[in-house]
Protein chains: 2
Amino acid sequence: MQEQPRRQSRIQRKNRETILTAALREFSARGFAGTTIDQIAEAAGLSKPNVLYYFQSKDAIHTELLRGLMDLWLGPLRDMRAEGDPADQILAYARRKLEMSRDYPQESRLFANEVLQGAPRLQPILGGELRELVEEKSALIALWIAEGRIAPVDPHHLLFSIWALTQHYADFEVQVRAVLGPDHDPYAEAEVFLDQLYRRMLRVQPRE
Amino acid sequence: MQEQPRRQSRIQRKNRETILTAALREFSARGFAGTTIDQIAEAAGLSKPNVLYYFQSKDAIHTELLRGLMDLWLGPLRDMRAEGDPADQILAYARRKLEMSRDYPQESRLFANEVLQGAPRLQPILGGELRELVEEKSALIALWIAEGRIAPVDPHHLLFSIWALTQHYADFEVQVRAVLGPDHDPYAEAEVFLDQLYRRMLRVQPRE
DNA sequence: CCTGATCCTGACCAAATGGTCAATAATTTG
DNA sequence: CAAATTATTGACCATTTGGTCAGGATCAGG
């Protein structure tokens, strides 16, 4: 519970990092319950007791991973600004989120796994930090709509749609690839698709 | 492996059904590895050996559930027809898929869990039956585009987007509810949102 | 109401798993 | 370089878990 104030040794930092990287790979591939400490230890090139020397328990590793994840996850949304063209801002957010799915698919799956199972360790963040951030950005989008700079949409569901559409390519990657076959670049195609989708959806109609 | 040709007794049908229902609830809530036969047995009101009297193994229960799932899952897409207005057809599909997320969230999560972990038992279906179905419907959508009846989009990714946007409300339900708070009806709002989204996206632009 | 088939269970087992610990090795530091 | 601290591990343990089995209960049909 209490954070050790003693600063970490070099070897400590390295091994904790190694364990977290290995654990991310394992947890994201087989879920929390489906992953054993032995698997993590082997993936990290350490013995099981050694892993437990650095982390109190399997649960502690998982919790640590999730904590680190949220910052990475919320970053792009935080960067959505009032300045600039609204549609460009929203599109930039979608694009960055898609890049994150492409570059951090394990993180995406870890998150999906957690939420899918009812987010037992994330609920406070979802209903707290995330909710407030969404509220703030929704207000911004609502403002843009009120100013007539983008077409009217429900801001919350607009954000949900960005999450759903981008994370889908990481979380359901096997399905996407199985359906598309080998001669496709899902992420490149998705970028074009999302661009079209949001441009059309947000374009202000001259007269409906 | 071989199907018992002897027809099932009444009690057999009832208990197998009870077990499958209980197992769906448990598996969808905690994943395959996170669920024990004992939990399934208790949820079904049976003893563990009794559960194993009706199913050879925990794996057999899971496999049976997944098999039954695919028909339910692919049904709405199969119903997308060449007749009628293209945009209406696509919208009807999206709406039905959203209803399925609302009415069968456990099934959605079971499926998500499976795909998330690499779809070890579903890959043949994904690359086979599903892929063919998607190919067929993509061709239909491409035809509609060629005829100028809907705006041009990548048909595959259009289908992906429908899956992602609708399943999101079931799979990430805790997140959606945590962000929206208690005074919202996610599915009702989503229906409106999806309607707007696809109408705007698919509307043929007079002159771009 | 007898008999064979179906249904059900307590007791049990082997393997896996999360976690501990005493002892040893390596490293840091005075 | 010696003492103290930190890192590592083999052996071990208690619990959980998937699955078995022999025997008893129940039920359908003649």
Side-chain angles (χ1 to χ4, degrees), chain A residues 1-27 29-66 113-114 117 120-121, chain B residues 1-27 29-66 113-114 117 120-121:
Chain A
M1 272 298 144
Q2 85 285 16
E3 206 61 351
Q4 200 82 323
R6 187 188 309 297
R7 81 161 198 274
Q8 295 182 356
S9 70
R10 191 166 39 98
I11 194 166
Q12 220 166 96
R13 240 193 315 277
K14 191 196 72 177
N15 279 347
R16 282 180 63 96
E17 193 51 42
T18 307
I19 291 169
L20 287 174
T21 303
L24 172 61
R25 190 163 55 238
E26 304 297 313
F27 282 147
R30 274 183 308 282
F32 179 76
T35 301
T36 71
I37 303 182
D38 262 318
Q39 289 169 344
I40 297 172
E42 184 173 6
L46 300 173
S47 68
K48 181 168 74 163
N50 205 4
V51 167
L52 288 165
Y53 172 76
Y54 289 103
F55 290 92
Q56 278 186 357
S57 63
K58 179 172 136 177
D59 214 281
I61 303 175
H62 194 239
T63 302
E64 180 77 18
L65 278 175
L66 284 180
N113 251 310
E114 179 67 8
Q117 329 239 313
R121 308 152 221 252
Chain B
M1 274 295 145
Q2 84 287 18
E3 206 62 351
Q4 199 81 324
R6 189 188 306 297
R7 79 163 201 273
Q8 293 182 358
S9 70
R10 191 162 41 97
I11 193 166
Q12 218 166 97
R13 241 193 312 278
K14 191 194 73 178
N15 279 348
R16 281 180 64 95
E17 192 51 42
T18 307
I19 292 169
L20 286 175
T21 303
L24 172 61
R25 190 163 55 239
E26 303 298 312
F27 281 147
R30 275 183 306 284
F32 179 76
T35 302
T36 72
I37 304 183
D38 262 318
Q39 288 169 343
I40 297 173
E42 184 171 8
L46 300 172
S47 69
K48 181 169 75 163
N50 204 6
V51 167
L52 288 165
Y53 172 74
Y54 288 104
F55 291 91
Q56 279 187 356
S57 64
K58 177 172 138 178
D59 213 282
I61 303 176
H62 194 238
T63 302
E64 178 78 18
L65 278 174
L66 285 179
N113 251 309
E114 179 66 10
Q117 330 239 314
R121 307 151 222 254

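Numbers restart at 1 for each chain; the letters A, B, ... are given by sequence-line order, proteins then strands. Note that the structure is a prediction, hence the values are computed from the model and not measured.
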- Roughly how many Å is it from CG in B:Leu52 to P in C:dG10, rounded to a whole number? 14 Å
- Message: When you measure from the side-chain N and O atoms of B:Gln12 to the phosphate of C:dC7, is any distance below 4.0 Å, counting only OP1 and OP2?
- Response: yes
- Query: How long is the line joining NE2 of B:His62 and P of D:dG19, in whole Å?
  - Reply: 13 Å
- Message: With a 4.0 Å limit, can you tell me whether A:Arg10 has a side-chain N or O closer than that to the phosphate oxygens OP1/OP2 of C:dT28?
- Response: yes
- C:dC8, D:dA7, D:dG18: which one has an atom nearest the side-chain heavy atoms of B:Thr36? D:dG18
- Query: So which one's nearest nucleotide on DNA chain D is more toward 5', A:Gly45 or B:Lys48?
  - Reply: A:Gly45
- Would you say A:Tyr53 reaches C:dG19's phosphate, i.e. side-chain N/O to OP1/OP2 under 4.0 Å? no
- Task: For B:Leu46 and C:dT6, give me the distance from atom CG to atom P, rounded to whole Å.
- Result: 19 Å
- Item | Under-4.0 Å side-chain N/O to phosphate OP1/OP2 contact, A:Asn50 with D:dT9 | yes
- Given atom CD1 of B:Ile37 and atom P of C:dT9, what is their separation to the nearest angstrom? 15 Å
- Task: Look at atom CD of B:Gln39 and say whether more than 12 heavy atoms of other residues, nucleotides or ligands are closer to it than 6.0 Å.
- Result: yes
- Does the side chain of B:Ser47 get closer than 4.0 angstrom to OP1 or OP2 of C:dT9 through an N or O atom? yes
- Query: When the distance from CD of A:Glu26 to P of C:dT17 is rounded to whole Å, what number comes out?
  - Reply: 12 Å
- Tell me what A:Ile11 touches on the nucleic acid: a base, only sugar-phosphate, or nothing, going by heavy atoms under 4.0 Å. sugar-phosphate
- Query: B:Phe55 near the nucleic acid: base, sugar-phosphate alone, or nothing, with a heavy-atom cut-off under 4.0 Å?
  - Reply: nothing
